[in-house]
K.L.:
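Below is a structure I'd like to ask you about.
The analysis underlying the following values was restricted to heavy atoms, covering all of them including side chains, and did not include hydrogens, waters or symmetry mates. Small disclaimer: the values here were computed from a predicted structure and weren't measured.
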Amino acid sequence: MNVLVVLGIILFILMSIIGGQKGVSSFFALFFNFSVVIIITVFMTNPNINPIILTLFASIVISCINLFYINGVNIKTKTAFLSTMITIILLLLFILYLSNKAMVQGFGVEELEELSMFSLNIGVDFIKIGTSVIIMSTIGAITDTAMAISSPMREIHFHNPHISRKELYKSGLSIGKDILGTSTNTLFFAFFGGYIALLIWFKDLSYSIGEIINSKIFSAEMITILSAGTGVTLVIPITAWITACFLVKHKIAE
């Protein structure tokens, strides 16, 4: 039997045993999200379609899968979804500006030899493509962080329905501070672990530390990591405020 099939079966069994129905939903959500990414990637090769619009559409679909499909439609997922969308829009604007100023779009000098046989006149905006890649790499972490804040805030409000909006907001920020360090470190090692081969390549090229830091490839990857951390950090106060406003306003007891 194919190794990928065996690993998929093992993952499904473990998620079913440990996570129950939500574990099963989370397993299928992986394939749904993968399908969205593949479809968006295919459409991004069309120069007549704006990659930013595609990215926003993909972010909405992936957020709906991660939040509503897995956890249902409730006050927690609604506030997490709204917070995610606001954060994604702010992050898009920030990354577009940053990518334009940093001038790291396109290919580095190290890649030109391998690409010399191909035409680079493909009619797509590399700044927008680069921005889309960063957003697509970050959307999962942003939705997870938003849900990780809105869910305990809902529990706090449920057990203390007379808590003020300000106190509930402070509780959300406190929760966010506890998960911020682990979330950013998880993003850092997830990205950096995939780029170990890049560092080995730089070593083979006998690059100095200064040449590595000023390399277009390295700078682009570091911008991705730092932008992802920025998105996770931004979503914390946004989620805390929106959730506090919703809960105190509606006094919902689920």
K.L.:
Identify which one of T239, T243, I242 satisfies the side chain to side chain contact (heavy atoms under 4.5 Å, CB included) criterion when paired with I149.
P.N.:
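Per the side chain to side chain contact (heavy atoms under 4.5 Å, CB included) rule, the option paired with I149 is T239, out of T239, T243, I242.
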K.L.:
Out of S26, S25, C64, which residue meets the side chain to side chain contact (heavy atoms under 4.5 Å, CB included) rule with Y69?
P.N.:
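Among S26, S25, C64, the one that satisfies the side chain to side chain contact (heavy atoms under 4.5 Å, CB included) with Y69 is S25.
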K.L.:
Hey, what do you get for CG (L180) to CD1 (I236), rounding to the nearest 0.5 Å?
P.N.:
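That separation rounds to 4.5 Å.
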K.L.:
Under a 3.5 Å distance rule, please check whether T77 uses its side chain to pair with a backbone N or O of G72 as donor and acceptor.
P.N.:
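Flag set: sc T77 to bb G72 pair under 3.5 Å.
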K.L.:
In Å, rounded to the nearest 0.5 Å, how long is the span from CZ of F68 to OG of S63?
P.N.:
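If I round to the nearest 0.5 Å, the distance is 8.5 Å.
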K.L.:
Step through the shown structure and confirm whether more than 12 heavy atoms of other residues, nucleotides or ligands are within 6.0 Å of CZ on F43.
P.N.:
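Not more than 12 within 6.0 Å, no.
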K.L.:
Could you list the cluster mates of L226? Members are the ILVMFWY residues connected by side-chain heavy atoms closer than 4.5 Å, either directly or through other members.
P.N.:
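Cluster partners of L226: none, it stands alone.
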K.L.:
Kindly compute the distance separating NE2 (H157) from CD (E167), expressed to the nearest 0.5 Å.
P.N.:
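It comes to 13.0 Å.
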K.L.:
As a quick check of understanding, evaluate side-chain contact (heavy atoms from CB on, under 4.5 Å) for L56 and I88, giving each step before the final call.
P.N.:
CA-CA 8 Å; L56 286 174; I88 289 296; 4.2 Å; yes
K.L.:
Please evaluate residues I142 and T145 with respect to the criterion side-chain contact (heavy atoms from CB on, under 4.5 Å), reporting the C-alpha separation (whole Å), side-chain torsions for both, the decisive distance (0.1 Å), and the verdict.
P.N.:
CA-CA 5 Å; I142 292 177; T145 304; 5.9 Å; no
K.L.:
Can you sort out the partners of F27 under ring-ring contact (aromatic ring centres under 6.0 Å, His included), two or more places apart, ordered by chain and number?
P.N.:
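F27 satisfies ring-ring contact (aromatic ring centres under 6.0 Å, His included) with F12, F31 only.
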K.L.:
Test R154 against S150 for side-chain contact (heavy atoms from CB on, under 4.5 Å), laying out the working first.
P.N.:
CA-CA 6 Å; R154 175 65 191 89; S150 64; over 6 Å; no
